[in-house]
Asks: 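The structure's right below; bear with me while I get my questions together.
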Amino acid sequence: MGDIDDITKEKRVVFVTVGTTSFDALVRAVDTPEVKNELFKKGYTDILIQMGRGSYTPTRASAENGFPALDYFTFSSSIADYLKSASLVISHAGSGSIFETLRLGKPLIVVVNEDLMDNHQSELAEELAERKHLYCARPQTLYKTISDMDPGSLVPYQPGGAKPVAELIYRYLGFPED
């Protein structure tokens with residue numbers, strides 16, 4: 001009966017997005033055997049990477065030997081359908097990607113690109129992680145974040161109130177708090 005279960009097993013897709021820039025460190029981290037195996041152990045069957053302008057090309061693979069299937073593409077006119085069909089999203093720290101994913105109620109790991117100068121995106125990701133809306137990682141900590149994550153413990157993001165985001169921006173810009 002195990003064979004029938006394998007055939008009818010529901011696809012659980014991890015969608016990885018780097019946006020319109022290059023974030024090879026994230027793509028490389030996802031393409032490691034450790035991360036792929038940990039995702040497989042968590043029940044994910046497929047990884048789809050939107051790799052942007054990056055020069056690192058991940059290894060396409062079908063699902064086998066304790067690893068999910070992996071595929072990739074560079075750009076799409078819209079990633080909305082990929083986000084909607086994902087069981088887990090691993091994203092760069094762009095605010096558009098973050099809020100679109102949270103609005104859809106998808107579990108999210110935001111990976112901060114430490115190579116960016118004056119990285120205000122990390123502050124947004126860290127603030128939302130502190131509020132338990134998402135997980136925040138660096139490329140070198142992605143494996144541990146996946147290993148430790150419990151998507152059921154995330155708090156749904158309630159859009160609408162801009163005050164917390166405005167306060168974060170004011171703090172970042174150095175304005176006094178009210």
Side-chain angles (χ1 to χ4, degrees), residues 13-40 42 44 46-61 67-80 82-83 86-104 106-149 151 154 157 164-175:
V13 177
V14 177
F15 179 60
V16 181
T17 178
V18 304
T20 58
T21 63
S22 169
F23 193 0
D24 282 345
L26 171 54
V27 177
R28 270 193 182 91
V30 171
D31 198 29
T32 63
E34 296 80 16
V35 166
K36 290 187 288 192
N37 183 252
E38 192 61 32
L39 288 169
F40 184 82
K42 296 272 186 182
Y44 298 102
D46 294 80
I47 302 169
L48 180 60
I49 302 173
Q50 180 270 314
M51 57 182 268
R53 300 185 200 290
S55 58
Y56 177 78
T57 303
T59 307
R60 276 195 171 104
F67 294 102
L70 188 145
D71 201 0
Y72 62 88
F73 63 95
T74 53
F75 295 103
S76 174
S77 58
S78 171
I79 63 167
Y82 298 111
L83 292 172
S87 299
L88 171 68
V89 177
I90 300 175
S91 175
H92 67 114
S95 59
S97 296
I98 290 173
F99 286 114
E100 189 171 358
T101 303
L102 291 177
R103 184 181 58 75
L104 292 169
K106 300 294 182 172
L108 174 62
I109 300 173
V110 172
V111 181
V112 175
N113 187 346
E114 295 177 315
D115 294 336
L116 296 178
M117 299 276 298
D118 192 26
N119 195 351
H120 64 281
Q121 294 178 343
S122 67
E123 293 187 17
L124 175 62
E126 288 163 2
E127 178 71 21
L128 290 168
E130 204 170 287
R131 295 171 187 228
K132 308 259 185 268
H133 296 306
L134 54 79
Y135 294 99
C136 186
R138 306 295 191 264
Q140 64 272 22
T141 65
L142 182 60
Y143 166 77
K144 180 160 179 31
T145 301
I146 292 167
S147 176
D148 294 346
M149 77 175 182
L154 292 172
Y157 178 76
V165 175
E167 287 173 353
L168 175 65
I169 293 169
Y170 284 165
R171 258 197 326 270
Y172 175 73
L173 293 174
F175 293 131

Asks: Heavy-atom distance under 4.5 Å between the side chains of Y44 and L88, does that happen here?
Replies: yes

Asks: Which atom names give the shortest non-hydrogen contact between V18 and G52, and what distance separates them?
Replies: CG2-N, 3.6 Å

Asks: Determine the minimum heavy-atom distance between P151 and Y135, stating which atoms define it.
Replies: N-OH, 3.9 Å

Asks: For the atom pair CG (L70) and OH (Y72), what is the distance rounded to the nearest 0.5 Å?
Replies: 9.0 Å

Asks: Would a 4.5 Å heavy-atom cut-off, applied to side chains only, mark L48 and V16 as touching?
Replies: no

Asks: A side-chain contact here means heavy atoms from C-beta on lying under 4.5 Å apart; do V14 and P68 qualify?
Replies: no

Asks: Please round to the nearest 0.5 Å and tell me the distance separating atom CD1 of I90 and atom CD1 of I109.
Replies: 4.5 Å

Asks: Measuring from atom CG of L102 to atom NE2 of H133, what distance do you get when rounded to the nearest 0.5 angstrom?
Replies: 7.5 Å

Asks: Do L39 and I47 have side chains that approach each other closer than 4.5 Å (heavy atoms only, starting at C-beta)?
Replies: yes

Asks: Can you tell me how far CD1 of I49 sits from OH of Y82, rounded to the nearest 0.5 angstrom?
Replies: 13.5 Å

Asks: If the plane angle is over 60° it's perpendicular, under 30° parallel, otherwise tilted; pick one for Y157 and F99.
Replies: tilted

Asks: Indicate whether the side chain of S97 and that of H92 have a donor and an acceptor atom separated by less than 3.5 Å.
Replies: yes

Asks: Just verifying a value: how many Å separate S22 OG and N113 CG, rounded to the nearest 0.5 Å?
Replies: 8.0 Å

Asks: Shortest non-hydrogen contact from L142 to A29?
Replies: CD2-CB, 4.1 Å

Asks: Check step by step if side chain to side chain contact (heavy atoms under 4.5 Å, CB included) holds for F23 and V111.
Replies: CA-CA 10 Å; F23 193 0; V111 181; 3.9 Å; yes

Asks: Return the set of residues passing salt bridge (charged side-chain N to carboxylate O under 4.0 Å, His left out) with E126 (not counting sequence neighbours), or none when no residue passes.
Replies: R138

Asks: Evaluate the side chain to side chain contact (heavy atoms under 4.5 Å, CB included) criterion for residues F75 and R53: first the C-alpha distance (whole Å), next the side-chain angles of each, then the deciding distance (0.1 Å), finally the verdict.
Replies: CA-CA 8 Å; F75 295 103; R53 300 185 200 290; 3.5 Å; yes

Asks: Nearest heavy-atom pair of A137 and T145: which atoms, and what distance?
Replies: CB-OG1, 3.4 Å

Asks: Once salt bridge (charged side-chain N to carboxylate O under 4.0 Å, His left out) is applied, what residue pairs with a partner in residues 91-100 remain, sequence neighbours excluded?
Replies: none

Asks: Does anything in residues 22-33 pair up under salt bridge (charged side-chain N to carboxylate O under 4.0 Å, His left out), and if so which pairs, sequence neighbours excluded?
Replies: D31-K36

Asks: Stepwise, does the side chain to side chain contact (heavy atoms under 4.5 Å, CB included) test hold for E127 with E123?
Replies: CA-CA 6 Å; E127 178 71 21; E123 293 187 17; over 6 Å; no

Asks: Under 4.5 Å between any side-chain heavy atoms of L108 and S91, yes or no?
Replies: yes

Asks: Measure across P58 and M51 and return the closest heavy-atom pair with its distance rounded to 0.1 Å.
Replies: CD-SD, 3.8 Å

Asks: For the residue pair I98 and V110, establish whether any side-chain heavy-atom pair is separated by less than 4.5 Å.
Replies: yes

Asks: Find out whether E38 and M149 are in side-chain contact, i.e. whether some heavy atom of one side chain is under 4.5 Å from a heavy atom of the other.
Replies: no

Asks: Is there a side-chain contact between S87 and F15 in this structure, where contact means two heavy atoms from C-beta onward sitting under 4.5 Å apart?
Replies: no

Asks: If I take atom CG from residue N37 and atom NZ from residue K42, how far apart are they, to the nearest 0.5 angstrom?
Replies: 12.0 Å

Asks: For the side chain of S76 and the backbone of I79, is there at least one donor-acceptor N/O pair under 3.5 Å apart?
Replies: no

